[in-house]
2 protein chains.
Amino acid sequence: MKITARQQEIIDFLQSEHRQTGIMPSTREIQEHFGFASQTAAVSHLKALEKKGIITRLEGKARGLRFTDTLAREPIIDIPIYGAIPAGYGDDTTPESEGCLSVDVNSMGVSASAKTYALRVRGDSMINAHIMDGDHVVIEQKEPRNHDVVAALIDGETTLKRYVKDSKKCFLRAENPNYPDLIPAQELMIQGVMVGLVRGSNGGW
Amino acid sequence: MKITARQQEIIDFLQSEHRQTGIMPSTREIQEHFGFASQTAAVSHLKALEKKGIITRLEGKARGLRFTDTLAREPIIDIPIYGAIPAGYGDDTTPESEGCLSVDVNSMGVSASAKTYALRVRGDSMINAHIMDGDHVVIEQKEPRNHDVVAALIDGETTLKRYVKDSKKCFLRAENPNYPDLIPAQELMIQGVMVGLVRGSNGGW
DNA sequence: GGGAACACTGTCATTTTTATCAGGATATGA
DNA sequence: TCATATCCTGATAAAAATGACAGTGTTCCC
């Protein structure tokens, strides 16, 4: 089953309309766009596309169109990006967001229900964990396990550290020899565990 | 302007319907779901939500509803993930995709029109560029500039290397002392330039 | 106590949209 | 050559959906 040139034009139109307006075009709008004298032309094209599995139609519903693979795509979560997390975080107050990072749950490996946020990394204290200045790390609010990378609140600023647990105590360690090692974890507030990282060409690397 | 409990219920319904069906519910469907005796109740709720800026309505259009912030979110591009890229790539043949990486254009910094694909990194030949085994790197098909990280085809396998240009020649260099340095670039096919990186908790790090 | 937003009922006109029936013309593969 | 798919016209019925008008209470704030 191949898609004909005309059918591809229809698909492109559906896609661009949906991107721009947020809703699918009606058969009449398709008709007008292509200059069909009859609205039936649009209908039969949609039928053909449905038969080929490109679109799914919900019968009896206005604009009841959907790209079949759109639902197949993993759901996308919007992760808010915070530059720095204020001290009182967690107590209902929503810190200022510097933007949004939208990724599908599959490629990041976080569940959609998890409480996550992203942090813009400043400095190179975690360079040996291959986390660079300008990277965005995705933090999930949960209990850290040994050797997890965690976001911790130190002196009012959030920094990334390696969480290390020996037989007795818990420590936080920077992954850079230039930074002081081993900070007792008891005195600190651990805000979450790193579960992902996004590096972009605009992220300065 | 606060959202009332009832209005939040409406929002939740719109959202869940849109997720499930791909299209927005009509006023009648809202009416039926909440058990309103009158369809006007649904209409006035939508008006209230529009006034508060939650949704945008396209008047005179069936199911002409959209969450205002959905369009504010940067458009999302679907980047196909390839494990290994066959030799003849570029000649119309679409290599097998191992899945999809969906990211908004802003956080990655790639334009939606650019030809991009993602590659799962194997090995640690670029560890000093802080690219780890299991990472997904986003490759854009364009001409490399000096010191760009590029995807190159060597012996039928795609590998990442640093592109270095001195006064006379172009070389490819691994970012790991254990790997052989300096491969003449002329003999190789450079497939694209790294523009982004995604590391997930399922990506083994 | 008055005004305003909220959360509805009930009715009705109008527009928007789907859907189907009956064709015509032109390809393309068995 | 016959069947089948493509890509259309033209007309018409029916359904889906919006939109507007006139009300009824309630709550909350000034």
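So you know, we letter chains A, B, ... as the sequences are listed, proteins then strands, and number each from 1.
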| request: Estimate the overall bend of the helix from C:dG1-D:dC30 to C:dA30-D:dT1 from the end axes over five pairs each, rounded to 10 degrees. | output: 40°

| field | Gap separating the CD atom of B:Glu9 from the CD1 atom of B:Ile30, nearest 0.5 angstrom | value | 13.0 Å

| query | Think B:Thr4 has a side-chain N or O under 4.0 angstrom from the OP1 or OP2 of C:dA5? | reply | no

| task | Measure distances between side-chain N and O atoms of A:Glu59 and base N and O atoms of C:dA19, and say whether any donor-acceptor pair falls under 3.5 Å. | result | no

| request: Counting heavy atoms from C-beta on, name the nucleotide in C:dT18, D:dT18, C:dC6 closest to the side chain of B:Gln39. | output: D:dT18

| query | Going through the checks in order, is the salt bridge (charged side-chain N to carboxylate O under 4.0 Å, His left out) test met by A:Glu50 and A:Lys47? | reply | CA-CA 5 Å; A:Glu50 189 182 28; A:Lys47 276 184 182 164; over 6 Å; no

| task | For A:Gly35 and for B:Thr27, locate the closest nucleotide of DNA chain D by heavy-atom distance; then report the residue assigned to the nucleotide nearer the 5' terminus. | result | A:Gly35

| note | Result for 5'-nearest mapping on DNA chain C, choosing between B:Lys61 and B:Arg6, is B:Arg6

| task | Let me know, please, whether A:Gly64 or B:Ala48 comes out on the 5' side of the other along DNA chain C by nearest nucleotide. | result | B:Ala48

| said: Under 3.5 Å, is there any donor-acceptor pair linking the side chain of A:Thr40 to the base of C:dA19? | reply: no

| field | Quiz item: B:Ser26 side-chain donor-acceptor pair to D:dT18 base, under 3.5 Å | value | no

| query | Any salt bridge between A:Lys161 and A:Glu175, counting N to O under 4.0 Å? | reply | no

